[in-house]
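Below, chains carry the letters A, B, ... as their sequence lines are ordered, and counting in each starts from 1.
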Amino acid sequence: MRERAGLSDPLEVLERGEIFSAQVRFTVMFLLYLHKKVGFTELQRLLGVTPGNLDHHLRRLAEAGYVKTRHVLDWRPLKVVEITSLGAREFRDYATGMRELLKLIE
Amino acid sequence: MEELERFSAAIETVERYEEYLYQRALGLALIVNGLVGPAVFYLVLKADTLSTLIGMNPNTFRVASTTMLAGVGILINILLFASARVLSSKVSKREDGRDVPFMILMFCIWFAAFFLAGYIPEPYSGVGWSLAGGAASLVSYLTISVAGHHRRPELLIIGLINILASLPVLLYGDLVEVEVAVLTIYAVSFVCGGAYSTINANRYLEAA
């Protein structure tokens, strides 16, 4: 079994977490890590980005298998973004690695 | 320290999202309560007439209808706040009147207002309930503002509508059915407060 990243080599975690280096992707993952799923329109307005820009970032995260989008029928059709279990694990490892790294710097 | 800035920006976004969820749930809860609460009291008031219309025993009608409506109201409230994840807010510091001692203070204000309303003499007792609700809303609004928490203008709206709309009923009580007028005032004030809160929630979504 792979050793839990972030505890042995924080630098490796940072390398692997390169995908989270963009502010938009990091915030999307942070939000989804805490709230599991968020509407596409809400995300777009929260981040202050255009739909195309957000879509680009979400595609990068989806290609890595960290998020998935699906359409749901509420009182109006909604596009919802969800975090996958892989995404949650990777983000947790990345955040832990960051914390370790910051401790080393201190 | 770029990473720290990234974390701070993300935390600020999550806080705004949680506030948005809370405001929206609060708004919808006010609307639901503004409709269900007066409806329950109306059914109790008019149980005799309504039960005759559908050929039912008045007591059975009273119990069945109020239990059903109150149940639906409670269920919707639970669903709304559970969906807002208010009880498991992740990063909000709960400095905006949602902390337990403050909630207890709010409960005391409302309890005191309605307790005192019970002592209002008979010709004015009906209007006393809406005046009490209005006064409690205004005192709650002022307490929240003075305590330095997030202001809750929906309370101001509810308070003002209750008090201002009660005055004509107080003056011309003999021209209208006071109980129905008071229930209508309640419904209108809560629906207006809820609508304000729901619409206002969107402002938390906008990036600074």
Quiz item: Side chain, backbone, both or neither: which part of Val38(A) has a heavy atom under 4.5 Å from chain B?
Solution: both
Self-check item: Pairing of Glu42(A) and Arg16(B) as salt bridge, 4.0 angstrom limit
Solution: no
Self-check item: Nearest-0.5 Å distance that lies between atom CG in Leu46(A) and atom OG1 in Thr13(B)
Solution: 6.5 Å
Quiz prompt | Portion of Tyr20(B) that has a non-hydrogen atom of chain A nearer than 4.5 angstrom | solution = side chain
Quiz prompt | Residue pair Tyr17(B) / Lys37(A): nearest heavy atoms and the distance that separates them | solution = OH-O, 4.0 Å
Quiz item: Given Leu205(B) and Gln44(A), is the side chain to side chain contact (heavy atoms under 4.5 Å, CB included) satisfied, shown in steps?
Solution: CA-CA 9 Å; Leu205(B) 283 182; Gln44(A) 187 215 322; over 6 Å; no
Quiz item: Are there more than 12 heavy atoms of other residues, nucleotides or ligands under 6.0 Å from atom NZ of Lys79(A)?
Solution: yes
Quiz item: For Phe114(B), does the CZ atom have more than 12 heavy-atom neighbours from other residues, nucleotides or ligands under 6.0 Å away?
Solution: yes
Quiz item: Counting only N and O atoms by type, is there a donor-acceptor contact under 3.5 Å from the side chain of Arg45(A) to the main-chain atoms of Arg203(B)?
Solution: no
Quiz prompt | Distance, nearest 0.5 Å, that separates CZ of Phe7(B) from OG1 of Thr27(A) | solution = 10.5 Å
Self-check item: Euclidean distance, Phe30(A) CZ relative to Ile11(B) CD1, rounded to 0.5 Å
Solution: 4.5 Å
Quiz item: In Å, rounded to the nearest 0.5 Å, how long is the span from CD of Gln23(A) to CD of Glu5(B)?
Solution: 9.0 Å
